[in-house]
Every structure is written in structure tokens, then in C-alpha cells.
Amino acid sequence: QVRLVESGGGSVQAGGSLNLSCAAFGYNYDSGCMGWFRQAPGKEREEVAAVYFATSTIYSDSVKGRFTITLDNAQNTVYLQMNRLKPEATATYYCAAASPASGSYCGVGADVFKYLEIWGRGTLVTVSS
């Protein structure tokens, strides 16, 4: 059974940075197929970033150029480096991963998010103005 454990959330002022991490247990995600979503209070969950084919990445337009997702195969961990944070980034950030049944393939580009069906508990990010 796959388990995802997020860490790194917290409070930061606008313009600051945070680095989220998500460690996977129970399956080796060396091909990627992991990503991040976020949900702000009163809003729907939205896609943030994902990694596939180990080094290919996809980002939402709202974070492109400021957030970076990376996969550390040795640690079986995916990171989300968030720079130049804005108050609208305030949300609970969820790590997600594809089911092991998907194997090493989890789509291409924005389709990757559809394969991410195993969820962590989330970590809260608060950005103050």
C-alpha cells in the first residue's frame, strides 16, 4: 500500500519561498508520476505541478516560472520549490501519485494529473501580504 507524507508547509510573507517535500512509501516512483495539487478555502482543488518520465514536468500557468518540481529517486521523494510566493498561493497543498498499476506510464503533459489518484494528507501554506 502506497503512502505519501508531505512536509514543508508554513507561513511566509509575499515574495518569500518555501520548499515542500513528499516522501513515498510502498512503491518506487523512479519514473515520476507524482505531483502537487492545492485547494484554497472555499475553492476547488487545482493542479499545480507534476513530474513524469523521471524528468519531464508540467506546471499550471499560475505558477510557471516561480515553482519548480523535482524528483529525487534516491529518496523516493518529490519536491516543490515555491519562489516569489503570492497571497493567492495560500492553500493546503496535496501530494499525489499514480497507482502502481499504472507502471512507469502516466500520460504526457497535462494528462499526467488525471493519473494521480493516491493522496497525501496535505500541508498548509499561508502567504501573507
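One is the number of the first residue; the rest follow in order along the sequence.
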> Return a table of donor-acceptor pairs under 3.5 angstrom between the side chains of residues 26-33 and protein atoms on other chains or two or more places apart.
{"unit_1": "N28", "atom_1": "OD1", "unit_2": "D30", "atom_2": "N", "d": "3.3"}
{"unit_1": "Y29", "atom_1": "OH", "unit_2": "A98", "atom_2": "O", "d": "2.6"}

> For Q13, I'd like to know if atom CD has over 12 heavy atoms of other residues, nucleotides or ligands within 6.0 Å.
no
> Is atom NZ of K64 surrounded by more than 12 heavy atoms (other residues, nucleotides or ligands) closer than 6.0 Å?
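More than 12 within 6.0 Å, yes.
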> Can you name the closest pair of heavy atoms from A49 and Y59 and give their distance?
CB-CD2, 3.5 Å
> Identify the heavy atoms of Y52 and C106 that sit nearest to each other, and give their distance.
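The pair with the smallest heavy-atom distance is CB-SG, 3.8 Å.
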> According to a 4.5 Å side-chain heavy-atom criterion applied to Ile, Leu, Val, Met, Phe, Trp and Tyr, with indirect links allowed, do V63 and I58 form part of one hydrophobic cluster?
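Different clusters: V63 never reaches I58 through Ile, Leu, Val, Met, Phe, Trp or Tyr contacts under 4.5 Å.
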> For L80 and N19, work out which heavy atoms get closest and say how close.
O-OD1, 3.2 Å
> Are V51 and V112 connected in a single hydrophobic cluster, I mean Ile/Leu/Val/Met/Phe/Trp/Tyr linked by side-chain heavy atoms less than 4.5 Å apart?
no
> Ignoring hydrogens and geometry beyond distance, is a side-chain donor-acceptor pair present between S21 and S7 at under 3.5 Å?
yes
> Linking I/L/V/M/F/W/Y whenever any side-chain heavy atoms sit under 4.5 Å apart, do I118 and L71 land together?
yes
> Are F113 and F37, when compared by the centres of their aromatic rings, separated by less than 6.0 Å?
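Between F37 and F113, which both carry aromatic rings, the centre distance is below 6.0 Å.
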> Which heavy-atom pair separates L4 from A24 by the least distance, and what is that distance?
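Scanning both residues completely, I find the closest heavy atoms to be CD2-CB, 3.7 Å.
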> Cut-off 3.5 Å, side chains only: do D72 and T77 have a donor facing an acceptor?
no
> Can you list everything that forms a side chain to side chain donor-acceptor pair (under 3.5 Å) with D111? Sequence neighbours excluded, please.
K114
